[in-house]
Visitor: 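Submitted below is the structure of interest, expressed as structure tokens.
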Amino acid sequence: MEIIIQPTREQVSKLGAKYVAQLIRQKPNAVLGLATGSTPLALYAELVRLHRETGLDFSQVTTFNLDEYLGLPPVHPASYHHFMWENLFQHLNVNPKRVFIPRGDLEDEEVAEYCESYEVEIQRAGGIDLQILGIGGDGHIGFNEPSSSLASRTRIKTLTERTRADNASFFNSTETVPQHVITMGIGTILEAREVLLLAFGVSKAEAVAASVEGPIASFVPASSLQLHRRARFLLDEAAASKLIRQDYYRWVYDQKPTWQNP
Ligand code: F6R
């Protein structure tokens with residue numbers, strides 16, 4: 001794992017966008033795995049700027065989102081479909097046929113088969129080149145809540161009350177946050193060729209420390225990234241504040257050969 005600590009959220013987000021842009025320039029038909037929530041917003045804004053000002057071309061890029069609330073139609077203002085089009089896709093030259101977001105408007109009996117078909121689509125696209133992740137205060141990635149199998153695939157999950165409360169700002173109240181979601185599994189995420197996890201603020205510091213410096217455990221889903229060959233944690237100072245070996249990570253990053261930087 002590579003741990004990169006930057007002074008501010010803006011610097012972290014710009015660096016994250018540089019990794020994405022570098023990939024797209026090298027591989028115009030790259031497959032991106034995307035997250036929602038507040039964490040990737042500044043990274044997405046930077047991608048939009050790079051598209052507008054430098055012509056970064058998304059026309060051949062394929063995207064797969066991590067998750068969606070079950071019970072919300074795509075037009076619902078709190079759905080992740082709505083979030084992604086509002087904050088990213090409508091500002092880029094993406095081909096809508098190459099945009100994949102799990103469907104939330106499924107009947108109960110459709111869910112299992114649909115989840116399998118989402119995995120098949122990822123395979124058909126050649127697998128995910130770069131997966132962007134946020135992290136929950138309880139260490140979740142995607143909506144893989146604590147105790148999710150480290151081998152899990154796309155499936156239905158039940159949100160914890162903590163996650164529902166954390167996400168209530170996108171709804172009228174915690175009670176209206178759906179209880180069930182569809183999420184890529186931890187096994188699905190680990191198959192991405194490269195992973196960028198971003199985290200900001202002291203509310204994420206404990207989960208970050210447990211994921212990076214604690215044991216690999218299904219109770220801390222992001223700790224599974226210790227098994228990944230190319231996982232980067234991009235952190236602001238506050239999110240890094242509970243890491244015991246902060247100085248070491250900073251030192252390693254400072255020694256990094258310049259040709260390795262995006
Ligand atoms: C969203 C997702 C979640 C969030 C996490 C952090 O697609 O997969 O794992 O990344 O809940 O949410 P924020 O960024 O709102 O703090």
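Counting starts at 1 for both ligands and their atoms, in listed order.
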Visitor: Which residue pairs pass the ring-ring contact (aromatic ring centres under 6.0 Å, His included) test when at least one of the two sits in residues 103-126, sequence neighbours left out?
Guide: Phe64-Tyr118
Visitor: Nearest protein heavy-atom contact for atom 11 (O) of ligand 1: which residue, which atom, what distance?
Guide: His140 NE2, 2.7 Å
Visitor: Please identify which atoms of ligand 1 are closer than 4.0 Å to at least one heavy atom of Leu66.
Guide: 8 (O)
Visitor: Give the residue, atom name and distance (to 0.1 Å) of the protein heavy atom nearest atom 10 (O) of ligand 1.
Guide: Gly134 CA, 3.3 Å
Visitor: I need the contact type for Thr36 against ligand 1. Using non-hydrogen atoms and a strict under-4.0 Å cut-off, is it side chain, backbone, both or neither?
Guide: both
Visitor: Not counting sequence neighbours, list each pair that qualifies as a ring-ring contact (aromatic ring centres under 6.0 Å, His included) and has a residue in residues 166-200.
Guide: Tyr69-Phe171
Visitor: With the 4.5 Å side-chain cut-off for hydrophobic clustering, are Tyr80 and Leu47 part of the same group?
Guide: yes
Visitor: Can you report which non-hydrogen protein atom sits closest to atom 6 (C) of ligand 1, along with the distance?
Guide: Ile135 O, 3.4 Å
Visitor: Name the closest protein heavy atom to atom 15 (O) of ligand 1, giving the residue it belongs to and the distance to 0.1 Å.
Guide: Ser38 N, 2.9 Å
Visitor: Considering only NZ, NE, NH1 and NH2 on the basic side and carboxylate oxygens on the acidic side, decide whether Lys256 and Glu2 come within less than 4.0 Å.
Guide: yes
Visitor: What atoms in ligand 1 come closer than 4.0 Å to a heavy atom of Gly37?
Guide: 14 (O), 15 (O)
Visitor: Backbone N or O of Pro74 within a donor-acceptor pair of the His81 side chain at under 3.5 Å?
Guide: no
Visitor: Give me the nearest non-hydrogen protein atom to atom 9 (O) of ligand 1 as residue plus atom name, then the distance to 0.1 Å.
Guide: Gly142 O, 2.6 Å
Visitor: Around atom 12 (O) of ligand 1, find the nearest protein heavy atom and jot down its residue, atom name and distance.
Guide: Lys204 NZ, 4.3 Å
Visitor: Counting only heavy atoms from other residues, nucleotides and ligands, does the tally under 6.0 Å from OH of Tyr253 exceed 12?
Guide: yes
Visitor: Treating Lys204 as the side-chain partner and Ile135 as the backbone partner, does any N or O pair qualify as donor plus acceptor under 3.5 Å?
Guide: yes
Visitor: Does Asn167 approach ligand 1 within less than 4.0 angstrom via side chain, backbone, both or neither, non-hydrogen atoms only?
Guide: neither
Visitor: So, regarding Tyr80 and ligand 1 (criterion: nitrogen or oxygen to nitrogen or oxygen, under 3.5 Å), is there a contact or not?
Guide: no
Visitor: What residue and heavy atom of the protein are closest to atom 8 (O) of ligand 1, and at what distance?
Guide: Asp67 OD2, 2.7 Å
Visitor: Using heavy atoms and a threshold below 4.0 Å, how should the contact between Thr39 and ligand 1 be classified: side chain, backbone, both, or neither?
Guide: both
Visitor: Do Ile5 and Tyr19 belong together in a cluster built from hydrophobic side chains that touch within less than 4.5 Å?
Guide: no
Visitor: Considering only NZ, NE, NH1 and NH2 on the basic side and carboxylate oxygens on the acidic side, decide whether Arg124 and Glu119 come within less than 4.0 Å.
Guide: no
